[in-house]
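See structure below.
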Amino acid sequence: GPEGIAEIVHAMYDRVLADPELSPFFDDAPMDRLRKMQFEFIVSALGGPVSYSGAELTDVHRGKGISGAHFAKFCGHFADAMEARGVNSHDLNLALSRLAMYKDKVTGETNVDG
């Protein structure tokens with residue numbers, strides 16, 4: 001539920017901010033607001049009762065140099081936080097597949113294979 005997602009988002013950002021490859025992306029980020037927006041986004045992406053009220057993902061991430069490898073690492077931290085919370089593999093894979101649908105918006109890459 002939403003409470004569990006909030007805990008996972010908090011733990012995920014602890015992991016992301018400790019990651020030397022990802023932490024520079026968040027040097028000047030207002031982390032309380034970012035955690036709130038990420039919580040809304042994830043709950044909304046998973047079909048939950050919360051609507052995402054943040055900016056369009058392409059606009060927010062444009063020009064930041066986020067690659068597919070960065071996106072994968074970020075999702076890996078999300079998966080690790082989910083596993084630490086005891087989320088079963090089916091739900092974990094479902095959540096990751098939903099997040100993967102937004103990769104192009106975050107990285108600015110285009111899926112040319114359809």
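Just so you know, residue 1 is the first one in the sequence shown, and it goes up from there.
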Q | Those residues that, when tested against Arg35, pass side chain to side chain donor-acceptor pair (under 3.5 Å) (two or more places apart) | A | His10, Asp14
Q. Leu99 and Phe71: which non-hydrogen atoms are nearest, and at how many Å?
A. O-CZ, 3.4 Å
Q. How far does CE of Met12 sit from CG of Leu17, to the nearest 0.5 angstrom?
A. 9.0 Å
**Q.** Enclosure of Asp32 CG (heavy-atom neighbours >12, cutoff 6.0 Å)
**A.** no
Q | ring pair (Phe, Tyr, Trp, His ring centres under 6.0 Å) against Phe74, all qualifying residues, sequence neighbours excluded | A | Tyr13
Q | Cluster link Ile42 to Leu94, ILVMFWY, side chain under 4.5 Å | A | no
Q.
Using the side chain to side chain contact (heavy atoms under 4.5 Å, CB included) criterion, which residues pair with Thr58? Sequence neighbours excluded.
A. Glu56, Arg62, Lys105
Q) Which heavy atom in Leu92 sits nearest to a heavy atom in Val87, and how many Å separate them? A) N-CG1, 3.8 Å
Q.
Which heavy atom of Ala95 sits nearest to which heavy atom of Met82, and what is that distance?
A. CB-CE, 3.8 Å
Q.
Can you give me the closest heavy-atom contact between Gly68 and Glu109, atom names plus distance?
A. N-OE2, 3.3 Å
Q: Would you please name every residue forming a side chain to side chain contact (heavy atoms under 4.5 Å, CB included) with Ser67, sequence neighbours left out?
A: Ala69, His70
Q: Following the transitive rule for hydrophobic clusters with a side-chain heavy-atom cut-off under 4.5 Å over Ile, Leu, Val, Met, Phe, Trp and Tyr, establish whether Leu22 and Leu96 coincide in one cluster.
A: yes
Q | Ser44 (side chain) donor-acceptor with Phe41 (main chain) under 3.5 angstrom | A | no
(Q) I want to check something: taking the side chain as every heavy atom from C-beta on, are Val16 and Ser23 in contact at a cut-off of under 4.5 Å? (A) no
Q: Would you give the length of the straight line joining atom CD of Gln38 to atom CD1 of Ile8, rounded to the nearest 0.5 angstrom?
A: 12.0 Å
Q. So, does Asn93 use its side chain to make a donor-acceptor pair with the main chain of Ser89 at under 3.5 Å?
A. yes
Q: Look up atom CG in Asp104 and atom CG in Leu57, then write down how far apart they are to the nearest 0.5 Å.
A: 11.5 Å
(Q) Does Leu46 form a side chain to side chain contact (heavy atoms under 4.5 Å, CB included) with Ile5? I'd like the steps, not just the answer. (A) CA-CA 10 Å; Leu46 298 178; Ile5 297 291; 3.9 Å; yes
Q. How long is the gap from CE on Met37 to OG on Ser53, to the nearest 0.5 Å?
A. 3.5 Å
Q. In the single-linkage hydrophobic clustering (I, L, V, M, F, W, Y; side-chain heavy atoms under 4.5 Å), do Met31 and Ile66 co-cluster?
A. yes
(Q) Tell me if a side-chain donor or acceptor on Arg98 pairs with a main-chain N or O of Ala45 at a distance below 3.5 Å. (A) yes
**Q.** ring pair (Phe, Tyr, Trp, His ring centres under 6.0 Å) against His61, all qualifying residues, sequence neighbours excluded
**A.** none
Q: Tell me, please, which residues at least two apart from Lys73 pass side chain to side chain donor-acceptor pair (under 3.5 Å).
A: Asp19, Glu21
